[in-house]
Amino acid sequence: MNLQNKSSDRFDWTLAFILMLLAIVSFFAIASAQTAEQYGPINFVLLQIRWYGLGMIIVACAMYLDPEQYKKISWPLYGFGILLLLFLMFAPGGKDQIAEIRLGAKRWLHLPVIGTIQPSEFIKTFFILGMARVVSKHQEEHLVRNMKSDFWLLGKIGITLILPLFFIAKQPDLGTSLVFIAITIAIILVAGISWKIIVPLFSGGAILGVGLLWMALYAQDFMENVLGFDRYQFRRVYSWLDPYSYPSDEGYNLIQAMTAIGSGELSGKGFHGREVYIPENHTDFIFSVIGEEYGFIGACVVISLYFILMYHLTKVALSLKDPFSVYVCTGVIAMIAFHVFENIGMNIQLLPITGIPLPFISYGGSSLFSNMLAIGLIFSMKFHHRTYMFESDEDE
């Protein structure tokens, strides 16, 4: 068998096929969503096709490097991401400025030629690489595991998390902050840390979360005056739990999304059959368009695609022998899974609205590029796995 055939065998054709199906879903859903004409004559489908084309280039570039090279550049990429967040924090914001402010949030940069990007989207992938490097290097240095080494590893993980989490929380961007936490939790679970540490740690985190929710409902003055929370954050919680009490502001999008999905019933209204108006329905609320036009069946098909994607990525992770590659795959799986769960959950009132897009389906260049970069890492780990682990002299 020649080298070309071997390269073809190592390429993950199944993953490529799944991405193609998600792209088709994205094009059809956006084509229906943009009929609302809320943004004038802009053709978001053509723009999304262009983003997918550029995303394929990103995947190809990501595949070029092997796991050992990613280990070497993981810290520089992580550091670059932190500097980008720091630059965004202090960049002048407003109309015709470097940083763009939308609805009080400073999350976007205007760059020459490239256009508008959201730095936090790319930093999620840089963070995964940095976290994988931290855990894999720690395990190389501590072959004998004990409680002391596990606590030391948790400390390293916490330090790696705290910087990007701080800058993103200052934007503010609750949704992306939760993504970073989800990635961290997933990597902790597979890092081999003792359950004697994990169970109390996660239990404490759950108690803290429930406590914050309780205070948001019954101790708002304390959270505002002592903890520094803003009133609008409380309204986010209230409009999630009882959107019909806020039908004209915070609860409007959720009410419209649930109405759209419910009106789709079993089989939906058909392509371009959308009737319920929802702002940003081509981005954060694209799932409501799918639910309205293709009904319960169409929504189940999309969810099934994501399950197949998660199953395949998990199989890839289990097939790898290099710990660094396994942790990278774990972080990517956690990132995509949380995005799917949060986006669909916020469309059906299962979770509060946080502005997280539906991976590979929602319109948006920054989000799609970030996901394609993350998937490119999976392609790379799979493509270079045999060469990296088992290459013999005869193969050269």
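- For the atom pair Gln349 CD and Asp242 CG, the distance stands at 8.0 Å (nearest 0.5 Å).
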For residues 151-168, run the donor-acceptor check on the side chains, cut-off 3.5 Å, and write out each pair with its distance to 0.1 Å, sequence neighbours left out.
residue : atom : partner : partner atom : Å
Lys156  : NZ   : His138  : ND1          : 3.1
Thr160  : OG1  : Lys156  : O            : 2.8

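- More than 12 heavy atoms of other residues, nucleotides or ligands shown are found within 6.0 angstrom of CZ on Phe27.
- Residues Tyr294 and Val302 are not in side-chain contact: their nearest non-hydrogen atoms beyond the backbone lie 4.5 Å or more apart.
- Closest heavy-atom contact between Ala334 and Ala186: CB-CB, 3.4 Å.
- Taking the six-membered ring where the residue is Trp, the centroids of Trp240 and Tyr238 are separated by 6.0 Å or more.
- Judged as a side chain to side chain donor-acceptor pair (under 3.5 Å), and not counting sequence neighbours, the contacts of Ser120 are Gln118.
- Residue pairs satisfying the ring-ring contact (aromatic ring centres under 6.0 Å, His included) criterion with at least one member in residues 57-86, sequence neighbours excluded, are listed as follows: Trp75-Tyr78.
- When only modelled atom types and interatomic distance are considered, Lys124 and His339 share a side-chain donor-acceptor pair under 3.5 Å.
- Aromatic ring pairs are classed by plane angle as parallel below 30°, tilted from 30° to 60° and perpendicular above 60°; the pair Phe44 and Tyr363 is perpendicular.
- Side-chain atoms of Phe287 and Ile303, non-hydrogen and from C-beta on, do get closer than 4.5 Å to each other.
- The pair Lys71-Asp322 counts as a salt bridge, with a side-chain nitrogen and a carboxylate oxygen less than 4.0 angstrom apart.
- Here Ile24 contributes atom CD1 and Ile361 contributes atom CD1; the two are 11.5 Å apart, rounded to the nearest 0.5 Å.
- With sequence neighbours excluded, no residue satisfies side chain to side chain donor-acceptor pair (under 3.5 Å) with Lys72.
- Side-chain contact check for Met372 versus Phe369: every heavy-atom pair is 4.5 Å or farther apart.
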Criterion side chain to side chain contact (heavy atoms under 4.5 Å, CB included) on Thr354 and Asn343, from CA distance to verdict
CA-CA 8 Å; Thr354 57; Asn343 182 273; over 6 Å; no

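- Gln48 and Ser26 form a side-chain donor-acceptor contact under 3.5 Å, judged by distance and modelled atom types alone.
- With sequence neighbours excluded, the residues satisfying side chain to side chain donor-acceptor pair (under 3.5 Å) with Thr176 are Asp173.
- With rounding to the nearest 0.5 Å, the separation of CZ in Arg133 from CZ in Phe324 is 7.5 Å.
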Stepwise, does the side chain to side chain contact (heavy atoms under 4.5 Å, CB included) test hold for Thr125 with Ser370?
CA-CA 7 Å; Thr125 305; Ser370 171; 3.9 Å; yes

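- At most 12 non-hydrogen atoms from other residues, nucleotides or ligands lie less than 6.0 angstrom from CZ of Phe28.
- Within a 6.0 Å radius of CE in Met215, other residues, nucleotides and ligands contribute more than 12 heavy atoms.
- Under the 6.0 Å cut-off for aromatic ring centres, Phe127 and Phe180 qualify, their centroids lying closer than that.
- Ring to ring, Trp214 and Tyr218 are close: their centroids are under 6.0 angstrom apart.
- Under the 4.5 Å side-chain contact rule for hydrophobic residues, Val301 and Ile30 do not share a cluster.
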Check residues 189-207 and write down every donor-acceptor pair under 3.5 Å in which the side-chain atom is one partner and the other belongs to a residue at least two apart or another chain.
residue : atom : partner : partner atom : Å
Ser194  : OG   : Lys196  : N            : 3.1
Ser203  : OG   : Val199  : O            : 2.7

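- Contact of the Glu265 side chain with the Phe296 side chain is not registered, since no non-hydrogen atoms from C-beta on lie closer than 4.5 Å.
- For the atom pair CG (Leu174) and CD1 (Ile353), the distance works out to 12.0 Å, reported to the nearest 0.5 Å.
- Contact annotation: the side chain of Pro323 never approaches that of Glu140 to less than 4.5 Å [non-hydrogen atoms, C-beta and beyond].
- In this structure the side chain of Phe271 reaches within 4.5 angstrom of the side chain of Glu293, judged on heavy atoms.
- Among Ile375, Leu373, Asn371, the one residue that satisfies the side chain to side chain contact (heavy atoms under 4.5 Å, CB included) test with Ile58 is Leu373.
- For CZ of Phe341, the number of neighbouring non-hydrogen atoms (other residues, nucleotides, ligands) closer than 6.0 Å is 12 at most.
- Met381 places none of its side-chain heavy atoms less than 4.5 Å from the side chain of Asp66.
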